[in-house]
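Below is one structure, written out as structure tokens; the observations come after it.
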Protein chains: 2
Amino acid sequence: MTDFLPPIQTTARDDAVLKALAGFVRQEALGPGEKLPTERILAERLKVSRNTVREALTRWEGLGLVERRQGSGTYLKAAVSPDMLHMPLTLAGGNDFAGLMSTLEIRRALEAEAAALCAIRAGKVELAEIERKLDLMEEAFQTRAGMSSDEDWEFHQAIFRASGNPLFEQIIAAMYEMFHRFWEHPLGVRDFGHASFPYHRTIFNCIAARDPDGARREALKLIATVEDDLKRGAANLKLSDRR
Amino acid sequence: MTDFLPPIQTTARDDAVLKALAGFVRQEALGPGEKLPTERILAERLKVSRNTVREALTRWEGLGLVERRQGSGTYLKAAVSPDMLHMPLTLAGGNDFAGLMSTLEIRRALEAEAAALCAIRAGKVELAEIERKLDLMEEAFQTRAGMSSDEDWEFHQAIFRASGNPLFEQIIAAMYEMFHRFWEHPLGVRDFGHASFPYHRTIFNCIAARDPDGARREALKLIATVEDDLKRGAANLKLSDRR
DNA sequence: GTGGTTCAATGGTCCAACCAATTTCTGCAC
DNA sequence: GTGCAGAAATTGGTTGGACCATTGAACCAC
């Protein structure tokens, strides 16, 4: 029935280039930040035109695997291995309050699951890293008397990384990006995110205590506070000028 | 403190090309399957080299937005609008089993949430549509004596659409795609997904009864059966030949 | 040391040509 | 007119070579 016949590949120069390059990276054990060979050298070694090399590198650049700096060189931005699977995720959403709430609904689902998984899987080093980020965030909260989105985000990222599933971090990063794209104006809410502060510590406590259900519950509470803030902001907007 | 100085953008030809092209697509109201202008024409109109046009199109091709067919032309593969967010997902290394489990963990979180939201928000027409898909799936199950992934997927999609949040469908579609790309071999499990069958009906019943918690619970059960199938398959693999 | 200057290396862009796959047109046989 | 094989035009893929813009290191004057 499912006689799936993949179309034969008659030409795939740039794919071949990428395969060769991935093999090279592994053989040389290159890590993030390290420099790749010059485009001209690659072209010469692989016996292809420099244009073809460039198209291949453009692909990798689009995937965020590589960064090109004019006048300097091409540098690895992430770990790269020959057996990687890429899946482009394109998100389209309304640029309005509904769009913000949509990203939060995704976050609610994923943050809860990630926190629970983290409570199960996090090792000692991951746990220490999460606590470090938590301390940094709480310190920033004290000194600046308010939530700091950078430190806050890094705390959550540490949890996603410790969940043992890289997709959590990547997908929620997309949500975060969308959220901040819509987030042009503070919606008139002062101390946005203030209410979420205590739950960071409670989430961590549950994770450290290996309590998945507790971690999930506290993560849900945290997102709930953000949703409340957002609704307050939307109410404010309806009362004042509407663009 | 936060003296953030973003690096100034000195050149961005291909980005400019893509912006112009996105505008063109919107103006002409081009949809998936329709043909874009020739590379040569684009180069001439935009006053850039064909090389630059090609690099830009290579980007879009990498994002799955466009398909290039030699001798024929370049065709839109997905809806494209100027304000879309692209985030390539990368699943590195790991064997097939780990990748499959990663996508299932995301599905577990999102399907449960989507089912719950659906139970709250679905209108009459959405409910009828879900039930129609459910009937189709059950019919296919009877006639073919086994799960049919197409009808199964359409049922789930109907739920996501009725959740009122377009992100659910977009993200889980990516997970689904990834899952099937890992799915090279049936892992030696006969009647894969068979155990998940009854839960489709129970999920629908909970949604129709406006029972969010029940819908979430049944959705979790469904994913659990798939995870079990997968683990059985992985155990089989370990016993037999390992490539 | 500090601050310019020079210069080679490197990615970014351009051009013109040709290759390979596809589509369209043409003309012949029927 | 119809059908079909072959020619011709179209279109993406590749090549080679050239030049521009940026970077970074070496060098120099102060």
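We name chains A, B, ... by the order of the sequence lines, and we start the count at 1 in each one.
Taking atom CD on Glu44(B) and atom P on dT11(D), their separation rounds to 12 Å, with Å as the unit. Regarding Ile41(A), its CD1 atom lies at a distance of 13 Å from the C1' atom of dG11(C), rounded to whole Å.
Between Lys77(B) and Glu67(B), none of the side-chain N atoms (NZ, or NE/NH1/NH2) sits under 4.0 Å from a carboxylate O, so this pair counts as no salt bridge. Ion pairing between Arg161(B) and Glu169(B) holds under the 4.0 Å rule for side-chain N and carboxylate O.
More than 12 heavy atoms of other shown residues, nucleotides or ligands fall within 6.0 angstrom of atom CD in Glu34(B).
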Response to the item:
Under a 4.0 Å heavy-atom criterion, the protein footprint on nucleotides 12-19 of chain C, written with B, S and -, is BBBB-BB-
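Annotation: side-chain contact (heavy atoms from CB on, under 4.5 Å) contacts of Thr74(B) (sequence neighbours excluded): Leu36(B), Leu57(B), Val66(B), Arg68(B). Phe197(A) meets the side-chain contact (heavy atoms from CB on, under 4.5 Å) test with Met137(A), Glu138(A), Phe141(A), Met147(A); sequence neighbours excluded.
For Thr74(B), no side-chain nitrogen or oxygen approaches OP1 or OP2 of dT11(D) to under 4.0 Å. When the side-chain nitrogen and oxygen atoms of Ser72(A) are compared with OP1 and OP2 of dT10(C), none of them lie within a distance under 4.0 Å.
Side chain of Arg181(B) to backbone of His86(A): a donor-acceptor contact under 3.5 angstrom is found.
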